[in-house]
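Notes for the one structure printed next.
Because the structure is predicted, anything quoted here is derived from the model rather than measured. Residue numbers begin at 1 in each chain, while the letters A, B, ... track the order of the sequences.
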Protein chains: 2
Amino acid sequence: MANLNDDLARYLISTVSKRSGVKSDLVRAWERRYQAVTPTRTTGGHRVYTDQDIARLKLLNQATNNGHSISQIAQYSLDELKNLLKNEVEVVPALLSAGSTSDRVYLAEDYIEKCYAAVVAFDAKTLETHFENALVELGTETFIEHLLTPLLTIIGDRWRTGELRPVHEHMTSSIIRSLTYILRNNNPCAADAPRMVVTTPIGQLHELGALLAAIIAELKGWQVTYLGANLPAEEIAAAVKFTDARAVTISISFCTDDLVVPKEIRRLKKLIGVEVALIVGGRAAGHYKAVLDEVGVLNIQGYGHFREILDELAANKPAT
Amino acid sequence: MANLNDDLARYLISTVSKRSGVKSDLVRAWERRYQAVTPTRTTGGHRVYTDQDIARLKLLNQATNNGHSISQIAQYSLDELKNLLKNEVEVVPALLSAGSTSDRVYLAEDYIEKCYAAVVAFDAKTLETHFENALVELGTETFIEHLLTPLLTIIGDRWRTGELRPVHEHMTSSIIRSLTYILRNNNPCAADAPRMVVTTPIGQLHELGALLAAIIAELKGWQVTYLGANLPAEEIAAAVKFTDARAVTISISFCTDDLVVPKEIRRLKKLIGVEVALIVGGRAAGHYKAVLDEVGVLNIQGYGHFREILDELAANKPAT
DNA sequence: CATAGCTATACAAAAGCTTGACAATATTTG
DNA sequence: CAAATATTGTCAAGCTTTTGTATAGCTATG
């Protein structure tokens, strides 16, 4: 259980004592004599501890019970303490610690494999667990950039070659949609942030691309209204009106032979007007290049490009 | 986070006290000493609180019960408090004094109105906030039963009469889907729990019903794989195979004149076999009664009935 | 006009703090 | 090996902070 609230938790010494199993007096003695923990203080002078401190004291307690001298190990880091204990008895299940950025990118690749395996195995629970762990270990940024983006690209590819079925995609979308909650929570956005609607046009049932776009935009500080897949132009336009959005992003990942998509795009642009930017992305967007150019659409070439467009749009004041 | 509806919410201290479980005197003391809440005042000087304040006090109360020092956490934001408590659910088994059940049901009605207003206003952010607060205040059970179920019914009705547009439904689904994360987290299910696949058949694009069914089943202890809307029978069957599910629930909320739905149901039943229960629900399910009876489907009559069916199925050992 | 709210002050129990001391073990050292 | 020294867990005394609750007199609201 890696806690995200290390900097949030605020305990007084009695709680710490109960949780760590080290008596209050001893906690103070360890601090006084060896700076084993260095709690902050209230204005009145009471010690204030974090979850880290508790974890630390727990480990120190175990180590001393195992015969180690407190004066020798008091200043060890959490990791050192864990190692210390691991080698003796399998007292504590060890947790990995995060490293440098490059380490994390490497780690992400590891996660991609695991996650993809879970997708293939259709194991939603495992997939979600991997995502959660990755999120903690990699941080939101790296998670999106080096895990989610490549993973979804792979899934898209394999889906086209028939290695994966549509259900795989549905299942994955489902998990990621519920993850949105954490992602959003990590990045509260300002009230005056620019607003955007994200969806897919009618006939386009694959939402992974749109989902990713929504997440990226949210991380970039946009207020995103995500509407899922398969919406007719009028509905999208209505959402734009309702939210007073400055941009609409739609994802097109599948070429249909009929003329639905071009028609929808023309209608949508007409309905939302020139004030609102229309961004189109997705694997199959290139297929409709003619319409896109004609109508005046921002055609995304990859997620890096999408980010650039977002920055530009955010920089420009609303043209009103 | 200035929500439009905060302006509407006006509670006096006694109400706040009842709902949050913190005595009036203490609420004032927390304000005076740590600015834990900062209510506005009437012209006469009486404190006026918002829903946010109530949620906040409730969380603070819980946190202090878990050993946190009030002086240290008093100024945390709602999100910070939620994070703080997320990892600690086990510490204090919910001894929450949340008032009697009937009180909560009454409260839920209040929330229904607010949530519905947010849906009409297409205000996703406010809707999500209300959901979150309601979840804290009502508890998962009451939340599902007395807020979510009736709310979705209302939305369905209004959608049919044209008062709401399809986008409203999409937006609401989107929010609820992301909430799934919390709901699931509150109810970890056993590894040997019976498994179920939930989705809607091809042509059925409305997922609210399915979503609710998924949530209810999860609360009942099932391991649910939710697949979103609009899946052909082969895909659903594949998911059943993959997950080794004991039941499939599909929601049909819209009557199409063509024969797609009956055909899909027949095919689905044939594909999954008799071992796997096929549960069909949704507003328009009755319309296809003939097929349902012919094929041997469990036709849900309301959510109470659904619960019963779930219990029965869970009780029967897998027929293998 | 009664109920519920407000301010201000007070109080007491619980929990903290510091300092310093004291045995009971370890560890060094002569 | 024994004496000297260091380490370590505990305690106690005396004082302060935190925190929930209570009292008293006055005021707003329905």
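- Look at A:T64 and you won't find any side-chain N or O under 4.0 angstrom from OP1 or OP2 of D:dT8.
- Positionally, the nearest nucleotide of DNA chain C for B:S24 lies more toward the 5' end than for the other of B:S24 and A:S24.
- Rounded to an integer number of Å, the gap from CZ of B:R32 to C1' of C:dA10 is 11 Å.
- Residues B:A193 and B:Q223 share a closest heavy-atom pair of O-NE2, 3.5 Å.
- Between the P atom of D:dT18 and the CZ atom of A:R47 lies a distance of 13 Å, rounded to the nearest Å.
- The side chain of A:S14 places an N or O atom within less than 4.0 Å of a non-bridging phosphate oxygen (OP1 or OP2) of C:dG16.
- Atom NZ of A:K114 sits in a crowded spot, with more than 12 heavy atoms from other residues, nucleotides or ligands closer than 6.0 Å.
- The shortest distance between the side-chain N/O atoms of B:Y34 and the OP1/OP2 oxygens of D:dT18 is not below 4.0 Å.
- Among the protein residues, B:T42 comes within range of the sugar-phosphate backbone only, with heavy atoms under 4.0 Å from sugar or phosphate atoms but none that close to a base.
- For B:S71, the side-chain atoms get nearest to D:dT19 when compared with the rest of D:dA22, C:dC17, D:dT19.
- Atom-to-atom, NE2 of A:H46 to P of D:dT19 comes out at 8 Å; the value is rounded to the nearest Å.
- Look at A:K23 and you won't find any side-chain N or O under 4.0 angstrom from OP1 or OP2 of D:dG9.
- One can place OH of A:Y11 at 19 Å from C1' of D:dT18, the figure rounded to the nearest angstrom.
- Counting distance only, with no hydrogens placed and no angle test, the side-chain atoms of B:R41 and the base atoms of C:dG5 include no donor-acceptor pair under 3.5 Å.
- In this structure, CG of A:D25 is placed 14 Å from P of C:dT19, rounded to the nearest angstrom.
- Ring pair B:H168/A:F242 is tilted by interplanar angle, where 30° to 60° counts as tilted.
- In this structure, the CD1 atom of A:I13 is 15 Å from the P atom of D:dT18, given to the nearest Å.
- Seen from the ring of B:Y226, A:R177 does not count as a face-on cation partner, given the 6.0 Å and 45° thresholds.
- Taking a cutoff of 4.0 Å between a charged side-chain nitrogen and a carboxylate oxygen, B:R283 and B:D157 qualify as a salt bridge.
- Atom CH2 in B:W30 sits roughly 13 Å away from atom C1' in D:dT18 (whole-Å rounding).
- Straight-line distance from the CZ atom of B:R33 to the P atom of C:dA8: 14 Å, rounded to whole Å.
- On a pure distance criterion of 3.5 Å, no polar donor-acceptor pair joins the side chain of A:R28 and the base of D:dG9.
- Residues A:T15 and A:S69 each lie close to DNA chain C; by heavy-atom proximity, the contact nearer the 5' end of the strand is made by A:T15.
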